[in-house]
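Note that the structure is a prediction, hence the values are computed from the model and not measured. Heads up: numbering here begins at 1 and tracks the sequence. All heavy atoms count here, side chains included; hydrogens, waters and symmetry mates do not.
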Amino acid sequence: MKGIDLSHHNGEVDFSKLKSQGIDFVILRAGYGKYAKQKDECFEANYLEAKKNGLHVGAYWYSYAKDAVEALAEAKTCEQVLYGKQFDLPIFIDIEEKISQSKAVDIADAFCSYMRSKGFYPGVYASKSYLETYMQGVSQRYPVWVAQWASKCNYNGCYCMWQNSDKGRLDGINGYVDTDVLLEDDLPMYIINNGFNGYVPEVPDKTKLLVIYLGGEKIFEKLL
């Protein structure tokens, strides 16, 4: 799937024009830092328009955390901002700051563990060099969205999404936009079916099950 990521820096976006240009999904900046007032100014409007136009939607939170304690505070604020919404793509923590380098793994763990405990499907965004230098092993625990602005991604860890450029051009967006590729096309259905990010998993109606027991042991079950 082809997508883009957006923040208030992109200004007003005409989402109705995106799908006709091959865009399948958007990752929206929900905010940054640890205070509610730091919610992205365009997040609400971008969320509503993306949903209305049938795009898959995820979100990211830009981190300024220096340690796990501050990352936990950011996660709690992010949870508040996302409350009541549904996302069929992961909720990423965006880690780029130099102040985070020495404790980048702790920061990712604190944010993602909290979000996971609240029913979200969290992941980590960072550049290829940042991931390989400061966050070794993270890709084994969380979905990774790697930034490498090139014609090919050669990150040596696992990743589900690749940000391949910051110089994309699309009708409906003024100026450049970040472009992305989702490598796991079944990820939205996985998130929905498992009840992450505001979705409720479907539970079969047990009154419509045909169950056959033999000697007290269930030997056959069929959903009618």
Side-chain angles (χ1 to χ4, degrees), residues 1-11 13-30 40 42-43 46-47 49-51 53-63 86-96 108 112 115 120-194 196-197 199:
M1 292 187 190
K2 295 180 180 179
I4 57 176
D5 53 275
L6 297 171
S7 74
H8 82 277
H9 296 293
N10 298 103
V13 176
D14 188 340
F15 283 84
S16 65
K17 295 181 178 179
L18 296 181
K19 215 165 188 184
S20 65
Q21 297 171 83
I23 297 302
D24 302 299
F25 70 90
V26 292
I27 309 295
L28 305 176
R29 188 177 81 156
D40 189 281
C42 293
F43 174 63
N46 284 342
Y47 174 83
E49 287 300 308
K51 286 287 191 178
N53 285 278
L55 298 176
H56 297 291
V57 184
Y60 73 95
W61 194 269
Y62 190 96
S63 175
Q86 294 178 319
F87 303 86
D88 58 358
L89 288 174
I91 309 302
F92 295 95
I93 179 173
D94 179 349
I95 305 178
E96 304 180 37
C112 291
M115 295 300 285
F120 292 94
Y121 191 78
V124 175
Y125 166 94
S127 70
K128 172 184 176 290
S129 60
Y130 199 104
L131 285 163
E132 292 177 342
T133 305
Y134 306 107
M135 306 186 75
Q136 293 184 4
V138 164
S139 65
Q140 298 173 12
R141 299 197 293 282
Y142 313 111
V144 164
W145 173 19
V146 58
Q148 185 181 11
W149 300 335
S151 59
K152 182 180 180 180
C153 181
N154 56 11
Y155 171 55
N156 60 18
C158 297
Y159 59 100
C160 68
M161 195 178 300
W162 168 34
Q163 187 185 75
N164 58 8
S165 176
D166 66 337
K167 294 291 191 294
R169 287 285 195 178
L170 289 168
D171 188 22
I173 300 176
N174 293 322
Y176 293 123
V177 64
D178 296 339
T179 57
D180 305 279
V181 178
L182 178 65
L183 305 174
E184 299 179 9
D185 289 355
D186 59 347
L187 185 55
M189 287 308 301
Y190 175 83
I191 289 174
I192 292 171
N193 290 340
N194 285 277
F196 294 113
N197 296 349
Y199 288 96

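- A ring-centre distance under 6.0 Å is found for Phe196 and Tyr121.
- In the displayed structure, Asn174 atom CG is contacted under 6.0 Å by at most 12 heavy atoms of other residues, nucleotides or ligands.
- For Glu184, there are no salt bridge (Lys or Arg N to Asp or Glu O under 4.0 Å) partners, not counting sequence neighbours.
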> For Asn154 and Gln148, what are the C-alpha separation, side-chain angles and deciding distance, and is it a side-chain contact (heavy atoms from CB on, under 4.5 Å)?
Replying inline: CA-CA 8 Å; Asn154 56 11; Gln148 185 181 11; 2.9 Å; yes
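- The shortest distance between side-chain heavy atoms of Glu96 and Tyr62 falls below 4.5 Å.
- Residues Gln163 and Asp5 bring a donor and an acceptor atom of their side chains to less than 3.5 Å of each other.
- In this structure, Lys128 is not positioned above the aromatic face of Tyr155 in the sense of NZ or CZ being under 6.0 Å from the six-membered ring centre and within 45° of the axis.
- A perpendicular orientation is assigned to the rings of Tyr60 and Trp145, their planes being inclined by more than 60° (bins at 30° and 60°).
- Distance check: Ser165 OG to Asp178 CG gives 7.5 Å after rounding to the nearest 0.5 Å.
- Closest approach of Asn53 to Ser16, counting heavy atoms only: OD1-CA, 3.3 Å.
- Taking each heavy atom of Tyr47 and Gln86 in turn, the nearest pair found is OH-N, 2.9 Å.
- Across every non-hydrogen atom of Arg169 and Val177, the tightest pair is N-CG1, 4.4 Å.
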> Would Leu55 and Phe15 count as a side-chain contact (heavy atoms from CB on, under 4.5 Å) if you check the C-alpha gap in whole Å, the side-chain angles of each, and the deciding distance to 0.1 Å?
Replying inline: CA-CA 9 Å; Leu55 298 176; Phe15 283 84; 3.9 Å; yes
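- Between Leu28 and Asp40, every side-chain heavy-atom pair lies at or beyond the 4.5 Å cut-off.
- At least one side-chain heavy atom of Cys112 sits under 4.5 Å from a side-chain heavy atom of Ile93.
- When every heavy atom of Val146 is checked against every heavy atom of Cys153, the shortest pair comes out as CG1-SG, 3.7 Å.
- Shown here are the side chain to side chain contact (heavy atoms under 4.5 Å, CB included) partners of Asn164, two or more places apart in sequence or in another chain: Trp162, Thr179, Val181.
- Residues Asp185 and Pro188 share a closest heavy-atom pair of O-CD, 3.4 Å.
- The two residues Gly11 and Cys42 make their nearest non-hydrogen contact at O-SG, 4.5 Å.
- Inter-residue side-chain proximity for Leu89 and Val57 is flagged as unmet; no heavy-atom pair is nearer than 4.5 Å.
- Separating the NE2 atom in His8 from the CG atom in Asn46 is a distance of 11.0 Å, to the nearest 0.5 Å.
- Distance CZ/Phe92 to CE/Met161: 4.0 Å, rounded to 0.5 Å.
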Which side-chain N or O atoms in residues 17-27 pair as donor and acceptor under 3.5 Å with protein atoms at least two apart or in another chain?
residue: Lys19; atom: NZ; partner: Gly54; partner atom: O; Å: 3.0
residue: Ser20; atom: OG; partner: Lys17; partner atom: O; Å: 2.9
residue: Gln21; atom: OE1; partner: Asp171; partner atom: N; Å: 2.8
residue: Gln21; atom: NE2; partner: Lys17; partner atom: O; Å: 2.6
residue: Gln21; atom: NE2; partner: Asp171; partner atom: O; Å: 2.8
residue: Asp24; atom: OD2; partner: Lys2; partner atom: N; Å: 3.0

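- Atom OH of Tyr130 is separated from atom OH of Tyr125 by 12.0 Å, given to the nearest 0.5 angstrom.
- Rounded to the nearest 0.5 Å, atoms CD1 (Ile4) and CG (Asp180) are 8.5 Å apart.
- Between atom SG of residue Cys158 and atom CG of residue Leu183 there is a gap of 11.0 Å, rounded to the nearest 0.5 Å.
- Although no hydrogens or angles enter the test, the distance criterion places no donor-acceptor pair under 3.5 Å between the side chain of Asp88 and the main chain of Met189.
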